[in-house]
Amino acid sequence: MNNYDIIVVGSGHSGIEAALAGARMGCKVLMLTFDINSIGRMSCNPAIGGVGKGQLVREIDALGGEMARAADACGIQFRVLNASKGAAVHSSRAQIDMDIYSRYMKECIINTLNLKVKEAEVKELVIDSGKIKGVITVGGEEILSSCVVLCPGTFLGGVIHVGLNHFSAGRINEPSAEGLADNLRLLGFNLFRFKTGTCARLDKNTIDYSRLIVQEGDDIPRPFSFSTKSLPQRQVPCHITYTNKTTHKIISDNLDKSPLYAGIIKSTGVRYCPSIEDKIVRFPDRQRHQIFLEPQGLSTQEVYPNGISTSLPEDVQLKLIHSIEGLQEAKVIRFGYGIEHIVVDSTQLFPTLETKAVEGLYFAGQINGTTGYEEAAAQGLIAGINAVLRIKKKAPLILDRSTSYIGVLIDDLVTKGTNEPYRMFTSRVEYRLILREDNADIRLSKIGYEIGLLNKEKYKNVEDKASAINKGIAFLKKTRTKSFNDVHLSKEVTLEKLLKRPQVRLNDLKFLKYAEIDRLKFDVAMGIEIEVKYSGFIERQLKDVEKFKHLEKIKVPEGIDYMLLSGLSREIKEKLHKFKPINLGQASRISGVTPAAISMLMVYFKKING
């Protein structure tokens, strides 16, 4: 058979989620990859999650994606970041055994019904009358499909830099995709280049751990997936060290050998995860920079020194590594490198991640200008879901900014675009107090169930959790006490008001011996405590969401010609024509579209929509 419902190009984190979603929702899917053994390979650091990213992973899980379950099956250290701060910014992160993760994902892909994997490079898209019809491989084979999801990662026109030397590659020792990049350019897509990079890998047997700071995981590890019952892998520590003045001098003395500062790399790098040479130049007053030594797995000797990503020459890399405490005798297994790759202007996409220029063609992952496994996986899941919904002639799935981190991520990309590699942060999310990690399942699992990615049992578990939280809060509201911790209170108060006190935790109320409190599961107890303590703030955010939803509900009429509208400046008309917003809310977030213009459009659209 040479005809599929969906072709997914790429086997990284976005490709995996797109392919699994498509197949699990009942479509015939083909995944095309350079190498079947590269499925799920972690190109950079051995970790899943982080600030803003942990929320993405939990939302992927709530919708029925795979990344969270894979992380739990392969995680070797779990930590909740920002645990001492408010619940709105709690973010999970796990160190991952990279080899086990790749094997897990490969087996998952191979054993999924309706999903076939083929080793091939795509050089051209088959398009007829503005609609995707399939792909053509470098070998000349034409493979037909109703939808195509492009997930090429850093392979699209990839160029690796080590010192002043550079060569074509999508990842070290793997080829880049050149023909496809040329084809996209010919089709009229606006393309440019971003830069990212990775660290050297060190031999753990040559590191002096006695001179390093130990960083253990949480005493009680918290899984990513809401369905995970236990974590199978042995938990191990990470270690911390720092650069120093000698390290910084070595780097400063060799900046002329850096492709970034020698003018060879002209593309934009990752602001929030800069190379070590970039840190030294941008922050000259900093005496040291932190380095996390992260094991890449339980059965490998490789350690990832997170914090010293670099594209300096190998001899300079060796010198700067040996200048760092604990790494004086460290052996380098593989040197770090910088990589430039092609991205598209993400404003050329609808919120479904379908391209505006070609029907049935979807882009997901780093091709849209993002950086990070989690951002890629989230996009792949949404692109895969929407490809299926398009084939089945059902309404698309569009998550807005008030529903999820995924909604914020995609809205930022398609409405604002990005002039640098995009990384998710909690600070990007306006309604983060109601879009927390702990309630991702309650927020999104209904969607996952309705589209067919979550089974009935998993969805019922979510419903039971939500019901238990509501019952728990109701119990606290109606139950009163006159004593707390053997202290007589001046007047009788409800347990809810008692719990709202900053110094009181739900666990503190167990001394009252109420079975309704004692038997609560951990996730239910956490949900109750957060909802009670932050109730005032949550209510205010919910009111803000209502105002936001008002504009989101006003749809842009199909086929509207903005150039014919009076009262709008030519600049605003041109921007609206270019971005093609799907509703008034999205139109309001386009740079340069004024509140006055939105008011005019609101009146006009309401007349048309009735």
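Inspection of the E121 and T137 side chains reveals no N or O donor paired with an N or O acceptor under 3.5 Å. Between the side chains of E294 and N306, a donor-acceptor pair is found at a separation under 3.5 Å.
Counted within 6.0 Å of NZ on K446, heavy atoms from surrounding residues, nucleotides or ligands total 12 or fewer; the atom is thus considered open.
Using a 4.0 Å cut-off between charged nitrogen and carboxylate oxygen, E141 and K118 count as a salt-bridge pair.
Among residues two or more places apart in sequence or in another chain, the side chain to side chain donor-acceptor pair (under 3.5 Å) test is passed with S309 by none. When the side chain to side chain contact (heavy atoms under 4.5 Å, CB included) test is applied to S588, the partners found at least two apart in sequence or on another chain are L551, I598. Residues meeting the side chain to side chain donor-acceptor pair (under 3.5 Å) test with E302, sequence neighbours left out: Q296.
For the salt bridge (Lys or Arg N to Asp or Glu O under 4.0 Å) condition, the pairs that include at least one residue of residues 399-408, sequence neighbours left out, are D400-K549, R401-D411, R401-D412, R401-E430. Pairs engaging residues 109-132 under the ring pair (Phe, Tyr, Trp, His ring centres under 6.0 Å) rule: none recorded [sequence neighbours left out]. For residues 339-385, the pairs satisfying ring pair (Phe, Tyr, Trp, His ring centres under 6.0 Å) are H13-Y373, F189-F363, with sequence neighbours left out.
Taking CD1 from I406 and CD from Q55, the interatomic distance works out to 11.0 Å, rounded to the nearest 0.5 Å.
Seen from the ring of F579, R589 does not count as a face-on cation partner, given the 6.0 Å and 45° thresholds.
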Requested in this report: Give the C-alpha distance, both sets of side-chain angles, the deciding distance and a yes or no for side chain to side chain donor-acceptor pair (under 3.5 Å) between D72 and T228.
Outcome: CA-CA 7 Å; D72 290 345; T228 296; 2.5 Å; yes
